[in-house]
Amino acid sequence: MQTFTSRTSKLFPSKVQHLWILQTILTRPMSQSTSIPRKQIRVRDHGYDDYMEVEKKVRKVLKFQDLIISQPNSMLSVSRLDMLSRRIGFKQFEAGRFILKFPHVFEVFDHPVQRILYCRLTRKAISQIDQESRALLAQIPDSVTRLRKLVMLSNTGRLRLEHVRIARKEFGLPDDFEYSVILKHPQFFRLFDADETRNKYIEIVEKDRNLAVCAIDREREKEYREKGVDAENIRFSFIVNFPPGFKIGKYYKIAVWKWQRLPYWSPYEDISGYDLRSLEAQKRMEKRAVAMIHELVSLTVEKKITLERIAHFRMAMNLPKKLKEFLLQHQGIFYISTRGNHGKLHTVFLREAYKKGELVEPNDLYLARRKLAELVLLSPRKVIRDKELVNYRRDGEEDERKIFKFEDDFEARENVKPNGGILEDSDGDDDLKDVSDYSDEDNDCNESDPENSCVTE
């Protein structure tokens, strides 16, 4: 057998050589690709997840606020609140326990006439609502600019009114934006009904070149003017800040370096006349989609928006179908948080806009909304110190002083002998019985009626 193999190797040297080369190729480790992988595992950033945990409580509080404000005199009985809360996803008897967790937002009181428990908003919560309303009205000119840029991002220069209405809070638009923003500015917008779908659309009247500047372009210009970095290196690059724990390999660094220098078309540029069939054009379109989502999130007030809201603009802005997988390829630019609504809600954050859980450039509307989050985070134990009924608290302190003074006078009278001497301490049952009887009566009096003094003058 060995003779046969040796002879065959001598007879067919080229075939054996080819087999050896093939074996070495299969066993040798292959070089990795220098392109960004299509599928990546999401790395959690606890700073953004903790932010969404607070946001989840704020959303529930806002639902209860809307229920209470919609009622006459802005107050609601606890029994009716429990019944109405089932429409917004709460179970039976869950509403009462929920409002007691946030005494700085909700106030439970006894109705003076009906003698049943009612719920209303505290003065701090009403002040926060007024502050947010004032901030919302004051930034209507900015809302007009944001809506103009949002419509300019679409391919046809128009967007469905319903899609904008669903995301009106994220873009800082008032509830009546159809009248206060669109119809009041006919020089910018036009509202019409489509014949084929019978849906209302917002159309831009004329595109302004001065508004066709992305937020990332302004950041590049700012960085170039301040740091003097080579213009060619940052011409098409994005600000990348990977989450802690994200593994960056050698080939991944090369892929990001190549992707940062890849040119792309601006989201405000019309690409209808370009040939998009080549591989290079497809890569540019993918990077343009990243710039489109970046600009869309930058137009929001809090620099965050749910993934479901972005999906509404997918067809109008040429965004990819699998948005979650697409954004996970760029975890240094965006962060997707799944906290809220049992993991069914995905919130997209712009990483460069946040630092240590706070917005880098806050606005008045953002600060007004954060006031409600601060009230939610306040401990219920501090509600006694922050009572708004200051007179009631002072009266209670004066009553306590009177009680303590009465106890001292009573002990002094009991310890004085009839002849003027002082009694010695005794462990007798009679003395203990007298002291305990007095203490029980005093405590019962204080617990039953804390507002009235137990001292009879």
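Please read all numbers here as calculations on a predicted model, not as lab measurements.
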- Task: Check whether more than 12 heavy atoms from other residues, nucleotides or ligands sit under 6.0 Å from atom NZ of K287, and answer yes or no.
- Result: yes

- Query: Would a line drawn from the ring center of Y48 to the ring center of F334 be shorter than 6.0 Å?
  - Reply: no

- Query: For the residue pair W265 and A281, what are the closest heavy atoms and their distance?
  - Reply: CZ3-O, 4.0 Å

- Between R369 and Q131: side-chain donor-acceptor atoms closer than 3.5 Å: no

- Message: Can you see whether S278 engages Q282 through a side-chain donor-acceptor pair at a distance of less than 3.5 angstrom?
- Response: no

- Message: Given 3.5 Å as the limit, does a donor-acceptor pair link the side chain of R97 with the main chain of F93, or not?
- Response: yes

- Task: May I ask you to decide if G172's main-chain N or O and S143's side chain share a donor-acceptor pair within less than 3.5 Å?
- Result: yes

- Query: In terms of the angle between their ring planes, are F242 and F246 parallel, tilted or perpendicular, with boundaries placed at 30° and 60°?
  - Reply: parallel

- Task: Measure across D275 and R277 and return the closest heavy-atom pair with its distance rounded to 0.1 Å.
- Result: OD1-NE, 2.9 Å

- So L307 and T347, side-chain contact (heavy atoms from CB on, under 4.5 Å) or not? Walk me through it. CA-CA 6 Å; L307 196 64; T347 306; over 6 Å; no

- Item | Aromatic ring pairing Y201/F192, orientation class (parallel under 30°, perpendicular over 60°, tilted between) | parallel

- Task: Please lay out, stage by stage, how Y366 and E358 fare under the test side chain to side chain donor-acceptor pair (under 3.5 Å).
- Result: CA-CA 10 Å; Y366 166 80; E358 294 292 337; 3.0 Å; yes

- Note on the structure: Interatomic distance, CG@L76 vs CD1@I69, rounded to 0.5 Å, equals 12.0 Å

- Query: Side chains of Y335 and D49: donor-acceptor distance under 3.5 Å anywhere?
  - Reply: yes

- Item | Basic-acidic side-chain contact under 4.0 Å: D208, K149 | no

- Task: Consider only side-chain N and O atoms of Y268 and E295, and report whether a donor and an acceptor are under 3.5 Å apart.
- Result: yes

- Do Y224 and E219 get their side chains close enough for a donor-acceptor pair, meaning under 3.5 Å? no

- Message: Between N155 and N318, do the side chains contain a donor N or O and an acceptor N or O under 3.5 Å apart?
- Response: yes

- Under the salt bridge (Lys or Arg N to Asp or Glu O under 4.0 Å) test, residues paired with D176 that sit two or more places apart: none

- Message: As an exercise, state the distance from CZ of R120 to CZ of R123, rounded to the nearest 0.5 Å.
- Response: 8.5 Å

- Message: For a salt bridge (Lys or Arg N to Asp or Glu O under 4.0 Å) check, start with the C-alpha distance between E302 and K304, then their side-chain angles and the critical distance, and finish with the verdict.
- Response: CA-CA 5 Å; E302 303 180 24; K304 67 180 181 67; 3.6 Å; yes

- Message: Assess whether a salt bridge exists between D66 and K63, defined as any Lys/Arg side-chain N lying under 4.0 Å from an Asp/Glu carboxylate O.
- Response: no

- Query: Is it true that R225 and E221 make a salt bridge, defined as a side-chain N closer than 4.0 Å to a carboxylate O?
  - Reply: yes

- Expected output: side-chain H111 to main-chain V113 donor-acceptor under 3.5 Å: yes

- Query: Quick one: are the ring centres of F349 and Y51 less than 6.0 Å apart?
  - Reply: yes

- Query: Are side-chain heavy atoms of W257 and Y252 found at a separation under 4.5 Å?
  - Reply: no

- Query: Quick check: does any side chain N or O of T122 sit under 3.5 Å from a backbone N or O of H104, one acting as donor and the other as acceptor?
  - Reply: yes

- Which heavy atom of D45 sits nearest a heavy atom of R351, and at what distance? OD2-NH2, 3.1 Å

- Query: What closest approach, in Å, do P174 and L136 show between heavy atoms, and which atom pair accounts for it?
  - Reply: CA-CD2, 3.9 Å

- Residue pair R165, E178: steps toward the salt bridge (Lys or Arg N to Asp or Glu O under 4.0 Å) verdict: CA-CA 9 Å; R165 179 181 287 111; E178 185 176 351; 3.1 Å; yes

- Item | Candidate pair E280 and L262, rule side-chain contact (heavy atoms from CB on, under 4.5 Å), full reasoning | CA-CA 9 Å; E280 185 70 18; L262 178 68; 3.4 Å; yes

- Message: R146 and side-chain contact (heavy atoms from CB on, under 4.5 Å): which single residue from V151, V181, V301 fits?
- Response: V301

- Grab the two heavy atoms, one from R288 and one from S266, that are nearest each other, plus how far apart they are. NE-O, 3.2 Å

- Message: Rounded at 0.5 Å granularity, tell me how far CG in L350 sits from CD1 in I305.
- Response: 12.0 Å

- Message: With a 6.0 Å cut-off (strictly less than), is the heavy-atom count around OH of Y179, excluding the residue itself, greater than 12?
- Response: no

- Item | With R209 via salt bridge (Lys or Arg N to Asp or Glu O under 4.0 Å) - residues at least two apart | none

- Message: Please check if the number of heavy atoms outside E361 that lie under 6.0 Å from its CD is greater than 12.
- Response: no

- Hey, does the side chain of R168 reach the backbone of V164 with a donor-acceptor pair shorter than 3.5 angstrom? no

- Message: For D364 and R134: C-alpha separation, side-chain torsions, deciding distance, then whether salt bridge (Lys or Arg N to Asp or Glu O under 4.0 Å) applies.
- Response: CA-CA 9 Å; D364 294 338; R134 291 193 301 268; over 6 Å; no

- Message: Let's go through K56 and E53 carefully: what are the C-alpha distance in whole Å and the side-chain angles of both, what is the deciding distance for salt bridge (Lys or Arg N to Asp or Glu O under 4.0 Å) to 0.1 Å, and is it a yes or a no?
- Response: CA-CA 5 Å; K56 183 169 63 175; E53 286 293 336; 3.3 Å; yes

- Task: Report, as yes or no, whether the 6.0 Å neighbourhood of atom CD on Q114 holds more than 12 heavy atoms from other residues, nucleotides or ligands.
- Result: yes

- Pair E132, Q128: side-chain N/O donor-acceptor within cut-off below 3.5 Å: yes

- Task: Return the orientation label for the F238 and H294 ring planes: parallel under 30°, perpendicular over 60°, tilted otherwise.
- Result: perpendicular

- Message: V58: which residues meet the side chain to side chain contact (heavy atoms under 4.5 Å, CB included) condition with it, sequence neighbours left out?
- Response: V54, L62, L372, A373, V376

- Message: Using modelled atom types and a 3.5 Å cut-off, is there a donor and acceptor pairing between side-chain atoms of N73 and backbone atoms of M75?
- Response: no

- Query: Taking atom CD of E170 and atom CG of L299, what is their separation to the nearest 0.5 Å?
  - Reply: 12.5 Å

- Could you walk me through whether V348 and L323 pass the side-chain contact (heavy atoms from CB on, under 4.5 Å) test, one step at a time? CA-CA 11 Å; V348 180; L323 283 173; over 6 Å; no

- Between T145 and R148, does a side chain to side chain donor-acceptor pair (under 3.5 Å) hold up when you go through it step by step? CA-CA 5 Å; T145 305; R148 290 176 65 188; 5.5 Å; no

- Rounded distance (nearest 0.5 Å) linking atom NE2 of H163 with atom CD1 of I310: 14.0 Å

- Message: For K355, is the NZ atom crowded, meaning more than 12 foreign heavy atoms sit under 6.0 Å from it?
- Response: no

- Please round to the nearest 0.5 Å and tell me the distance separating atom CZ of R370 and atom CG of L375. 11.5 Å

- Task: Write down the atom of Q139, the atom of A135, and the distance for their closest heavy-atom approach.
- Result: CG-O, 3.0 Å

- Query: E269 and Y274: side-chain contact (heavy atoms from CB on, under 4.5 Å), yes or no, with the steps?
  - Reply: CA-CA 11 Å; E269 186 178 354; Y274 296 161; 2.7 Å; yes

